[in-house]
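A quick note: this is a predicted structure, and the numbers were derived from the prediction, not measured. Each residue takes its place number in the sequence, starting with 1. Heavy-atom basis, side chains included; hydrogens, waters and symmetry copies ignored.
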Amino acid sequence: MSQLVYDHFKVVRAPISVEKVVSKVIHPHAGAINTFIGTVREITKGRKTLYLEYEAYVSMAEKQLYKIGQEIIQRWPEARVAITHRIGRLEISDIAVVIAVSTPHRADSYEASRYAIERIKEIVPIWKKEFWEDGEAWIGDQLERVAYPSGKPEGLDDD
């Protein structure tokens, strides 16, 4: 069974090094390393985005990223996982999130990586503000089901 390292689950303000995230999951028993790189796109729902600002409840976000790692290890016991999410201002094409999953076989690494990004959107307290040519708005949670007009969930103190 794979051991989970808490330090492999980070929220950072600096640009993410894909190589550094991948290096955390390299293992002699791995036959596959799947890397998901989430980037800032220019067009969303027909609107031109100029840039984004991500904010987070950092300590809770890192705990939730670790929890996702635990869930992956329960489902794919031989997996190794590292996730880094960036916050702050991101320009078009900047990397917002990197997920690296290594497993002995490729199908498991694909499935575990997909699982990780879907869970990030479900449970990690990271939210974004979109800046368009004609306005701006806090989007709310990453599934866009709950709006955060003040810029963060009500009653949440950031660290």
Open item on the list: Membership question, hydrophobic clusters at under 4.5 Å side-chain separation (ILVMFWY): are I92 and L52 in the same one?
Closed with: yes
- [ ] Following the transitive rule for hydrophobic clusters with a side-chain heavy-atom cut-off under 4.5 Å over Ile, Leu, Val, Met, Phe, Trp and Tyr, establish whether Y51 and V40 coincide in one cluster.
- [x] no
Open item on the list: Between Q64 and I123 (side chain of the first, backbone of the second, donor and acceptor by atom type, cut-off under 3.5 Å), is there such a pair?
Closed with: yes
Open item on the list: If hydrophobic clusters are built by linking Ile, Leu, Val, Met, Phe, Trp and Tyr wherever their side-chain heavy atoms come under 4.5 Å apart, do V18 and V12 end up in the same one?
Closed with: yes
TODO: Calculate, to the nearest 0.5 Å, the distance between atoms CD and CZ belonging to E91 and F131 respectively.
DONE: 10.5 Å
- [ ] Could you state whether I99 and V5 fall into the same hydrophobic cluster, counting links through intermediate Ile, Leu, Val, Met, Phe, Trp or Tyr residues with side-chain heavy atoms under 4.5 angstrom apart?
- [x] no
Open item on the list: For a 4.5 angstrom cut-off between non-hydrogen side-chain atoms, does I68 reach V124?
Closed with: yes
- [ ] Given salt bridge (Lys or Arg N to Asp or Glu O under 4.0 Å), test K48 with D134 step by step and report yes or no.
- [x] CA-CA 9 Å; K48 183 175 180 178; D134 58 347; over 6 Å; no
- [ ] Measure the spacing between CE of M60 and NZ of K67 and express it to the nearest 0.5 Å.
- [x] 10.0 Å
TODO: Check the side chains of E78 and W76 for a donor-acceptor pair under 3.5 angstrom, ignoring hydrogens and angles.
DONE: no
Task: Heavy-atom side-chain contact between V22 and I33 under 4.5 Å - done: yes
TODO: Assess whether side-chain contact (heavy atoms from CB on, under 4.5 Å) is satisfied between I43 and T49, documenting all intermediate values.
DONE: CA-CA 6 Å; I43 305 295; T49 301; over 6 Å; no
Task: Closest approach of W127 to A56 (non-hydrogen atoms, all atoms of both residues) - done: CH2-C, 3.8 Å
Task: Residue pair I87 / V58, side-chain heavy-atom distance below 4.5 Å - done: yes
TODO: Report the C-alpha separation of H8 and V81 in whole Å, then their side-chain angles, then the decisive distance to 0.1 Å, and conclude whether the side-chain contact (heavy atoms from CB on, under 4.5 Å) test is met.
DONE: CA-CA 7 Å; H8 289 182; V81 185; over 6 Å; no
Open item on the list: For a quick test of reading the model, state the closest non-hydrogen atom pair linking A116 to I83 and the distance between them.
Closed with: CB-CD1, 4.3 Å
TODO: Show your reasoning for whether side-chain contact (heavy atoms from CB on, under 4.5 Å) applies to F36 and V97.
DONE: CA-CA 8 Å; F36 173 82; V97 62; 3.9 Å; yes
Open item on the list: Check E122 with R119, please: is the shortest side-chain N to carboxylate O separation under 4.0 Å?
Closed with: yes
Open item on the list: Show, in sequence, the C-alpha distance, side-chain angles and deciding distance for K128 and E53, and conclude whether the salt bridge (Lys or Arg N to Asp or Glu O under 4.0 Å) test is met.
Closed with: CA-CA 5 Å; K128 68 182 174 185; E53 285 185 9; over 6 Å; no
Open item on the list: Using a 6.0 Å cut-off, check whether atom OH of Y110 has over 12 heavy atoms from anything other than its own residue.
Closed with: no
TODO: First locate atom CZ of R89, then atom CZ of R86, and finally report the distance between them rounded to the nearest 0.5 Å.
DONE: 10.5 Å
Open item on the list: More than 12 heavy atoms of other residues, nucleotides or ligands under 6.0 Å from CZ of R47: yes or no?
Closed with: yes
- [ ] Over all heavy atoms of both residues, which pair between I16 and A96 is shortest? Give the atoms and the distance, please.
- [x] CD1-O, 3.7 Å
- [ ] Ignoring hydrogens and angles, tell me if any N or O in the side chain of T103 forms a donor-acceptor pair with the backbone of S109 under 3.5 Å.
- [x] yes
Open item on the list: I need the I26 CD1 to E19 CD distance, nearest 0.5 Å.
Closed with: 10.0 Å
TODO: Mind checking the NZ-CD1 spacing from K121 to I126? Nearest 0.5 Å is all I need.
DONE: 10.0 Å
Open item on the list: Rounded to the nearest 0.5 Å, what separates atom CD1 in I72 from atom CZ in R80?
Closed with: 14.0 Å
Open item on the list: What I want to find out is whether E71 reaches R75 closely enough, with some N-O distance under 4.0 Å, to be called a salt bridge.
Closed with: no
- [ ] Take the angle between the ring planes of Y6 and Y66 and call it parallel below 30°, perpendicular above 60°, tilted in between.
- [x] tilted
Task: Side-chain (E130) to main-chain (W138) donor-acceptor, under 3.5 angstrom - done: no
- [ ] Provide the closest heavy-atom pair for F9 versus L65 in the form atom of the first, atom of the second, distance.
- [x] CD2-O, 3.3 Å
Open item on the list: Is there a side-chain contact between L90 and Y54 in this structure, where contact means two heavy atoms from C-beta onward sitting under 4.5 Å apart?
Closed with: yes
Task: Heavy-atom pair of closest approach, residues V25 and A100 - done: CG1-O, 3.5 Å
Task: D108 side-chain N/O to H105 backbone N/O, donor-acceptor pair under 3.5 Å - done: no
TODO: Specify the closest pair of heavy atoms between V101 and A112, including all atoms of both residues, with the distance to one decimal.
DONE: CG1-CB, 3.7 Å
